[in-house]
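In what follows, a structure is listed as structure tokens, so that the remarks can point back to it.
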Amino acid sequence: MTSASSFSGLHKVGVSERRGAVERHVGLTAGAMQEALQEGGLDLQTADKLIENVVGTYALPLAVGVHMVLNGEARVVPMVVEEPSVVAAASAACKMAGKGGGFTAEADAPVMIAQVQLDEVSDAVRARASIEQHADELSRMADEAMPGMVARGGGMRGVEVRDLGGGMVAVHLLVDCRDAMGANIVNTVAETVGPRIAELAGATLGLRILSNLADHRKVRVRCTIPASALASADWPGEEVAAAVERASRFAEADPYRAATHNKGIMNGIDPVVIATGNDWRAVEAGAHAYAARTGRYEPLATWRVARGSDGVVLEGGLELPMALGIVGGTLGQHRAAKMALRVCGARSAAELGMLAASMGLASNLAALRALSTEGIQRGHMSLHARSVALAAGAIGDEVERVAAELARARRVHRAEAERVLRRLRGGA
Ligand code: MEV
């Protein structure tokens, strides 16, 4: 594999050159991306089979995040997102993190929770004892309901009983889903084993469904960045590091800020989840539920300044549930999602989770660095200017020329773009 730095300047070349660079990096044949990405990777006939009442497909930009080093390996990160500057900012942050060796990450075993709701439990202590005594039988039943998963090394990993009070008990069946996200298998297990659990507890059977608070399937990412790597033209690195820590402490102190801080993290995660055909609502639900697990909504990532052997460093860490799959679901049918998986080279669902989370931490760093120093608008300005130029009717190289003028004059609005465009085209 080529190194992370070999993508420097990727934003300056055209789309087909970019595709070529990615193909060479990941060892795809020339033209493979063009073929896979036709019609956005999803033809109408296939789309019509995926969901109901289809009337078309809906395109979003697919980009690559670059300069990512995860556990010592250079990675290209596919990202589907509509928001300008997310990809550029996260890639820039990956470059900074790379100066400290990149991101190190680890993932729990891919264990999902199947919930079985029990109502009208007259004696929760007895119900618990009865369920726990029959744990082996329940495990056998569950494994019989998912022979394919067991053959791939997954299967039941345990039973937990939670007394919710008022005669309600939640039973958690822990299911190792290997490289699948696991929603279907987990729901099948809950529906298969649920009636027997209710019988053992002498209870009325309620819902049988997975929990999106997948807190047995977490990912942890860390990075240690030399302060010098954070410097900008106007800001010394040590000041930036201190400013990022202050921004982190703001999110730690205030749920209103934590929500936006976490949105910035999801700016890096969701695009990877979407690009690879995964269920981003599930990941979002898990992330925010996990952020509120103490009863108070908190930031998923935090930053601290520390003293390293070679000077001041900024240390960042992120932990969240990450229920992703690299097999099953939409993936099998979506050419672009399959291509995205090849591009990032994830060999397991756990690895994909670590990659997405690393992009989340990068995205958070980019946002905090910009917000806590020069503010976010300056960086956004030139990208926003491109959309305004397009909206004003600029085409081809007019787009960059109009955008550059708008950004320079700090007058990024449609009327100004139309005026610049008229002038460029030789009008008034
Ligand atoms: C915008 O999409 C995301 C930010 O608001 C995140 C943050 O405030 O940390 C910039």
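Just the heavy atoms: all of them, side chains too, but no hydrogens, waters or symmetry mates, feed the values below. In each ligand, atom 1 is the first atom listed, and ligand 1 is the first ligand listed. Every value quoted in this text rests on a predicted model; they were computed, and no experiment measured them.
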Number the atoms of ligand 1 from 1 as they appear, then name those within less than 4.0 Å of a heavy atom of Arg257, with their elements.
7 (C), 8 (O), 9 (O)
Within the 4.0 Å heavy-atom shell around Leu371, which atoms of ligand 1 are there?
7 (C), 8 (O), 9 (O)
Given side chains that start at C-beta, do those of Val313 and Arg307 come closer than 4.5 Å, heavy atoms only?
no
Short N-O contact, Arg208 and Glu191, less than 4.0 angstrom
no
Heavy-atom contacts with Gly264 under 4.0 Å: which atoms of ligand 1 show up? List them by number with element.
6 (C)
Considering only heavy atoms, does Met266 approach ligand 1 within less than 4.0 Å through its side chain, its backbone, both, or neither?
neither
Centroid-centroid distance, His25 to Phe7, less than 6.0 Å:
yes
Among Thr260, Asn267, Leu368, closest by heavy atom to atom 3 (C) of ligand 1 is Asn267
Taking the inter-plane angle between the rings of His288 and Tyr297 on a 0 to 90° scale, is it parallel (under 30°), tilted (30 to 60°) or perpendicular (over 60°)?
parallel
Which part of Asn364 is near ligand 1, with near meaning a heavy atom under 4.0 Å away: side chain, backbone, both or neither?
neither
Donor on one side chain, acceptor on other, Ser232 and Asp234, under 3.5 Å
no
Below 3.5 Å, N or O to N or O, backbone or side chain included: is there any such pair between His261 and ligand 1?
no
For the CG atom of Leu62 and the CE atom of Met339, what is their distance to the nearest 0.5 Å?
10.0 Å
Only one of Glu398, Glu405, Glu418 passes salt bridge (charged side-chain N to carboxylate O under 4.0 Å, His left out) with Arg423, and that residue is Glu405
Glu83 heavy atoms, cut-off 4.0 Å: which ligand 1 atoms fall inside?
1 (C), 2 (O)
Which ligand 1 atoms does Lys263 reach within 4.0 Å, using its non-hydrogen atoms?
1 (C), 2 (O)
